[in-house]
Q: 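Okay, here's the structure, questions in a sec.
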Amino acid sequence: MLAESIITGLALFAAGAAALPAPSPIELIKRAPNPGIVITKCASPGMLALAYDDGPYQYTSTLVDILDKAGAKGTFFWTGTLYGCIYKQQAAVEKTFKSGHQVASHTWSHQNMGSMSAANIRTEMTKLEQALVNLLGIKPAYIRPPYLATGGQFLPVMKELKYKVVTNDVDAGDWNNQSPAQSQQVFTRAGASGNGHIPLMHETYAGTVNTLTPWLINWAKTNNLKLVTVAECLGDTPEGMYQPGNFTRQQGPYNC
């Protein structure tokens with residue numbers, strides 16, 4: 001992935017005829033986040049990365065519609081089995097990806113990665129990878145670990161698998177029975193200045209999808225914040241959202 005970014009940067013640099021000066025290869029290297037290091041917020045100001053955990057779920061399609069209508073991009077940290085089998089949400093999964101939102105890992109079965117063996121962590125990652133290959137033909141390059149647990153063998157394995165690890169700097173608290181109004185107060189207190197926020201939110205709560213997300217879209221507009229994927233907010237390229245390579249889909253039918 002990094003090599004592809006460098007090659008792309010070199011090609012742009014050599015062209016020399018673009019309306020805007022192309023970034024140098026060194027700049028591209030500096031921008032790309034490193035695998036296996038915990039990232040909590042955006043690399044630059046002026047943006048907000050709407051990031052949702054625990055799907056896909058019954059509200060996924062509605063959430064995509066809300067984001068698309070606003071011209072916003074979101075990041076979906078998905079599991080394989082937490083709220084039913086991911087294959088049963090095929091239409092929503094394909095719709096999200098085709099709309100240009102970022103699809104990322106939240107592991108296969110939402111276990112605490114900080115207390116698992118390296119082998120079991122790899123299994124959690126690769127099972128979800130294969131499901132996303134079967135459905136979309138891609139393997140994600142970003143993960144937000146369940147319970148934000150990054151201890152034990154987790155980070156070394158993520159570095160080995162070349163995953164960029166994201167947590168958060170703002171917690172909407174929806175998982176803790178906070179109402180959308182209470183979540184709004186959290187964002188208001190956090191403010192819109194400084195490097196952009198990567199919030200912890202969950203697409204499995206109707207209030208987060210139908211009330212908090214439209215409010216955040218308006219809040220971002222009022223504060224001149226661009227609504228972007230986690231990858232973009234970290235200065236990564238669009239290609240950097242996913243692992244490089246061509247992957248083999250298994251023959252269906254699929255089940256969990």
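In this text, all values refer to a predicted model and were calculated from it rather than measured experimentally. The basis for the numbers below is simple: all heavy atoms, side chains too, and nothing from hydrogens, waters or symmetry mates.
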Q: Go through the steps to decide whether T123 and M116 satisfy the test side-chain contact (heavy atoms from CB on, under 4.5 Å), and finish with yes or no.
A: CA-CA 11 Å; T123 298; M116 296 179 72; over 6 Å; no

Q: At what distance, to the nearest 0.5 angstrom, does NZ of K127 lie from CG of L132?
A: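 CG of L132 is found 13.5 Å from NZ of K127.
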
Q: If we count only N and O atoms by modelled type, under 3.5 Å, do the side chains of T60 and E203 hold a donor and an acceptor together?
A: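 Yes - a donor-acceptor pair under 3.5 Å links their side chains.
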
Q: Take atom NZ in K159; do more than 12 heavy atoms of anything else shown fall under 6.0 Å from it?
A: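 At most 12 heavy atoms, drawn from other residues, nucleotides or ligands, come within 6.0 Å of this atom.
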
Q: Got a sec, which pairs hit side chain to side chain donor-acceptor pair (under 3.5 Å) with one end in residues 247-256, sequence neighbours left out?
A: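 Pairs touching residues 247-256 that pass the test: N134-Q250.
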
Q: Is there a donor-acceptor pair under 3.5 Å between the side chain of Y87 and the backbone N or O of G80?
A: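 No; judged by distance alone, with no hydrogens or angles, the pair does not exist.
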
Q: Give the minimum heavy-atom separation between S105 and T107, together with the two atoms involved.
A: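 Where S105 meets T107 most closely, the heavy atoms are OG-N, 3.1 Å.
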
Q: Between D236 and K164, is any pair of side-chain heavy atoms under 4.5 Å apart?
A: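 In short, these two side chains touch, coming nearer than 4.5 Å.
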
Q: So, do T150 and M113 sit near enough that their side-chain heavy atoms are less than 4.5 Å apart?
A: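 Result no, sub-4.5 Å side-chain heavy-atom pair not found.
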
Q: Between W78 and A92, which heavy-atom pair has the shortest distance, and what is it?
A: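 Scanning both residues, the minimum pair turns out to be CH2-O, 4.4 Å.
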
Q: Is there side-chain contact between Q182 and V186, with at least one heavy-atom pair below 4.5 Å?
A: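 No, side chains not in contact.
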
Q: For the residue pair I143 and V166, establish whether any side-chain heavy-atom pair is separated by less than 4.5 Å.
A: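 Side-chain contact under 4.5 Å: no.
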
Q: Measure the CE-NE2 distance between M47 and H197 for me, rounded to the nearest 0.5 Å.
A: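 Result: 12.5 Å between the selected atoms.
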
Q: Do I138 and V133 have side-chain heavy atoms sitting under 4.5 Å apart?
A: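 A side-chain contact under 4.5 Å is absent here.
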
Q: Counting C-beta onward and ignoring hydrogens, is there a side-chain heavy-atom pair between Y242 and Y142 closer than 4.5 Å?
A: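 No, side chains not in contact.
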
Q: Roughly how far apart are H106 NE2 and H202 NE2, rounded to 0.5 Å?
A: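 So the gap between those two atoms works out to 5.5 Å.
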
Q: My understanding is that only residues two or more places apart in sequence, or in another chain, count here; which of them pass side-chain hydrogen bond (donor to acceptor under 3.5 Å, both in side chains) with W219?
A: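 For W219 there are no side-chain hydrogen bond (donor to acceptor under 3.5 Å, both in side chains) partners, ignoring immediate neighbours.
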
Q: Under a 4.5 Å cut-off applied to non-hydrogen side-chain atoms, are T40 and I198 in contact?
A: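 A side-chain contact is absent here, since even the closest heavy-atom pair is not under 4.5 Å.
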
Q: How long is the gap from CD1 on I121 to CG on L155, to the nearest 0.5 Å?
A: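 With rounding to 0.5 Å, CD1 (I121) is 9.0 Å from CG (L155).
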
Q: Looking only at heavy atoms, which two atoms of A220 and L227 are closest? And how far apart?
A: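 Distance-wise, the nearest heavy atoms are CB-CD2, 3.7 Å.
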
Q: Looking only at heavy atoms, what is the nearest atom pair of A49 and P199, with distance?
A: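 Nearest pair, atom of A49 first, then P199: O-CD, 2.9 Å.
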
Q: Determine whether the side chains of H110 and D53 contain a donor N or O and an acceptor N or O closer than 3.5 Å.
A: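 Side chains of H110 and D53: no pair found under 3.5 Å.
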
Q: If I compare all heavy atoms of T204 with all of G55, which pair ends up nearest, and what's the gap?
A: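 Residues T204 and G55, closest heavy atoms: CG2-N, 4.5 Å.
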
Q: Does any non-hydrogen side-chain atom of T79 lie less than 4.5 Å from one of L128?
A: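 Side chain of L128 against side chain of T79, heavy atoms only: no contact under 4.5 Å found.
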
Q: How long is the span from the CE atom in M241 to the OG1 atom in T75, to the nearest 0.5 Å?
A: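 Here the rounded value is 8.0 Å.
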
Q: Can you measure from CD (E129) to CZ (F247) and round to the nearest 0.5 angstrom?
A: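 That separation rounds to 7.5 Å.
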
Q: Between K73 and T229, does any side-chain donor sit less than 3.5 Å from a side-chain acceptor?
A: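 Side chains of K73 and T229: no pair found under 3.5 Å.
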
Q: Which heavy atom of K41 sits nearest a heavy atom of I39, and at what distance?
A: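 Nearest pair, atom of K41 first, then I39: O-CG2, 3.6 Å.
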
Q: Mind listing the side-chain donor-acceptor pairs of residues 210-217 below 3.5 Å, one per line with the distance, residues two or more places apart or on another chain?
A:
from: N210; atom 1: ND2; to: A206; atom 2: O; distance (Å): 3.3
from: T213; atom 1: OG1; to: Y52; atom 2: OH; distance (Å): 2.8
from: T213; atom 1: OG1; to: T208; atom 2: O; distance (Å): 2.8

